[in-house]
K.L.:
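The structure is given below, and queries will be raised subsequently.
Counting convention: from 1, in listed order, for ligands and their atoms alike.
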Amino acid sequence: MVNIATYFQFVNFFARVFPMDSKEIRQRFLEFFKARGHTIMSSSSLVPENDPSVLFTTAGMQQFKPYYTGEKNAQEDFSSSSATSVQKCVRTSDIEEVGDDTHLTFFEMLGNFSFGGYFKEEAIKYAYEFITQGVKLPISYVTVFEGKGSVPKDGESKKIWESLGVTDIREQGMEDVFWGPTGDSGPCGPTTEIYCRNKGGEDVEIWNIVFNEYFCDSNRENLLADKATLTALETKGIDTGMGLERLLTTVQGKTSIFETDLFSPIITKIEEFSNSGDTKAKRVVADHIRTAVFMIADGVTPSNTDSGYILRRLLRRSVRYADTLNFKPNSLFRLVETVIDKYGDVYENLKINKEKIKQEVEREENKFRETLKRGLQEFEKGADPFLLFTSYGFPLELIKELAVEKGLKIDEEKFAIEMEKHQETSRAGAGKKFKGGLADAGDEKVVQYHTATHLLHQALHDVLGDNVAQKGSNITSERLRFDFAHSQKLTDQEKQKIEEIVNQKIEEKLPVQTIVLPKVEAEKVGARMFFGDKYGDQVSVYFIGESLERAYSKEFCGGPHVGNTQDLKGVFKIVKEEAVASGVRRIKAVLE
Ligand code: SER
């Protein structure tokens with residue numbers, strides 16, 4: 001028998017010589033919370049199934065939203081009032097920053113969650129124990145909420161930290177230490193954050209502990225502008241989030257996220273392909289490919305809409321950066337395997353989808369190169385650079401870069417004006433849902449489903465009455481998904497009637513046309529809009545029928561759509577109808 005003290009000495013020695021790697025940290029975290037009564041839950045998909053208001057999962061708490069709002073009961077579902085997970089997340093709002101030491105578009109979030117169970121005291125104590133003992137990091141300082149409006153200052157957290165011997169406690173405002181909501185509404189509340197010192201001597205935020213106490217009826221922007229209403233949640237909850245990559249960087253004593261064991265094999269592989277020393281470009285490729293691999297494994301494919309557009313943008317940026325690194329053309333997909341080697345044991349679906357992921361990456365690179373070639377010819381012939389965006393699907397930032405690279409002049413002012421105009425049209429359309437005007441023949445099916453969605457929207461009004469406001473929409477090349485307000489399950493007769501109407505409109509071979517109108521005019525003609533989106537003063541309206549007056553469907557929308565309903569290939573069929581939230585139903589339908 002080994003003496004226990006000797007055993008611990010050995011463990012400590014080992015930890016010093018071989019710092020913890022990503023696998024061990026994930027494991028330790030989950031085990032730590034399991035030992036404290038939490039149920040270990042798997043990461044949910046990067047594409048949220050039940051939250052039409054966001055394109056990607058951005059936080060660990062998202063899959064648990066219904067437990068905070070009381071729509072679901074954790075005890076009933078997993079016999080515990082607390083859970084822990086390592087959640088795959090995507091956030092692309094800081095995409096331009098990727099390449100420095102800290103920014104990523106994909107990350108894993110370690111989290112522990114309580115739904116009406118423990119609250120501030122335990123949450124803070126657990127975090128303190130895990131940081132100082134579990135991964136042996138000294139805490140530099142913590143933050144607490146200073147109070148605003150109806151939300152009081154968080155004196156309780158301050159006291160708890162003091163009782164643990166933490167002396168540097170800083171008060172901050174709503175921008176920094178009040179979390180949420182994600183999307184258009186949801187749970188939110190004050191937070192306390194833990195900061196630790198990294199190798200560069202900087203204090204970085206390691207852990208965010210949210211006290212979910214409120215339900216916000218609007219998005220975060222409105223909350224910060226005092227334009228939202230907070231109501232107390234019946235069940236208070238805890239939602240914590242700690243970025244694995246950032247924690248690892250600190251624990252492993254590295255300066256950059258890209259030096260941790262999660263990235264080093266990818267960077268090494270990139271260096272095999274490249275003879276360039278450009279660190280930023282290598283990091284961008286490593287980051288974007290990793291994100292793309294995870295997205296494709298979760299069912300996203302490159303397209304011009306929604307999550308598919310974000311994926312396309314990541315892959316196209318990777319191609320551009322790979323070019324600056326002198327990669328052989330069409331070799332990006334070779335990095336897929338390296339990413340999967342690192343992550344496959346933790347995320348099985350990467351291994352299962354390996355071939356598909358490689359194919360998608362390769363296909364998108366080829367497609368982009370084709371477009372690039374055609375677009376560049378136009379560009380060099382003096383075409384309006386903006387055409388590259390509207391007709392060739394070039395990411396806007398690439399157009400500027402290309403112009404610089406090729407020594408071509410772009411009229412900055414005109415570009416800015418066109419951009420603004422385009423944004424208006426995009427906003428006029430379903431904003432974040434459909435980027436207006438991007439042509440892409442490869443996405444025929446998505447475009448067909450988009451038009452079918454308009455027909456379905458009108459058919460729902462015809463069959464169920466005018467209270468069926470749109471709550472969300474999501475389209476892939478395999479199906480359409482549409483969320484709308486309605487309080488009951490649809491009957492078989494209702495579903496059948498809806499299908500019949502849509503199929504009849506397809507048979508009628510109606511033209512699909514567009515017109516730009518002042519917003520007030522568009523409202524006057526009764527065009528349907530999606531209240532989740534913001535619209536500019538000029539809006540584009542798609543109508544299905546011979547004339548605007550006699551059209552079957554009219555909607556504020558940025559397109560793209562098929563030219564005629566006869567282009568919808570197949571028979572429209574509802575494959576699923578279910579509730580997603582109270583008073584919100586979801587239809588999934590296909591054209592078969
Ligand atoms: N939801 C919080 C965050 O994303 C804590 O998990 O930071």
K.L.:
So is Met109 touching ligand 1 or not, going by heavy atoms under 4.0 Å?
P.N.:
yes
K.L.:
Before signing off on this row, confirm whether Thr58 and ligand 1 have an N or O atom pair separated by under 3.5 Å.
P.N.:
no
K.L.:
Can you tell me the protein heavy atom closest to atom 1 (N) of ligand 1 and the distance?
P.N.:
Asp239 OD2, 2.8 Å
K.L.:
So, Lys254 and Glu245, do they make that salt bridge, N to O below 4.0 Å?
P.N.:
no
K.L.:
Please identify which atoms of ligand 1 are closer than 4.0 Å to at least one heavy atom of Thr240.
P.N.:
5 (C), 6 (O)
K.L.:
Identify the protein heavy atom lying closest to atom 2 (C) of ligand 1, giving its residue, its atom name and the separation to 0.1 Å.
P.N.:
Trp179 CE2, 3.4 Å
K.L.:
Show me which atoms of ligand 1 lie under 4.0 Å from any heavy atom of Val210.
P.N.:
2 (C), 5 (C)
K.L.:
By number and element, which atoms of ligand 1 are closer than 4.0 Å to a non-hydrogen atom of Met61?
P.N.:
1 (N)
K.L.:
Set out, in order, the CA-CA distance, both residues' side-chain angles and the distance that settles side chain to side chain donor-acceptor pair (under 3.5 Å) for Gln87 and Ser44, then state yes or no.
P.N.:
CA-CA 7 Å; Gln87 174 67 49; Ser44 63; 3.2 Å; yes
K.L.:
Go through ligand 1 atom by atom and flag the ones less than 4.0 Å from a non-hydrogen atom of Gly241.
P.N.:
5 (C), 6 (O)
K.L.:
Consider ligand 1: state whether an atom of it lies below 4.0 angstrom from any non-hydrogen atom of Arg91.
P.N.:
yes
K.L.:
Any luck finding a side-chain donor-acceptor pair between Thr105 and Thr291 under 3.5 Å?
P.N.:
yes
K.L.:
Can you check whether Tyr118 and His38 have ring centres sitting under 6.0 Å from each other?
P.N.:
yes
K.L.:
Suppose we measure from atom 7 (O) of ligand 1 to each protein heavy atom; which comes out shortest, and what is that distance?
P.N.:
Asn208 ND2, 3.0 Å
K.L.:
Please lay out, stage by stage, how Phe211 and Lys236 fare under the test side chain to side chain contact (heavy atoms under 4.5 Å, CB included).
P.N.:
CA-CA 7 Å; Phe211 308 119; Lys236 287 186 190 173; over 6 Å; no
K.L.:
Could you tell me if the ring centre of Phe130 sits under 6.0 Å from that of Tyr126?
P.N.:
no
K.L.:
Could you check whether Tyr67 and Phe113 have their ring centres less than 6.0 Å apart?
P.N.:
no
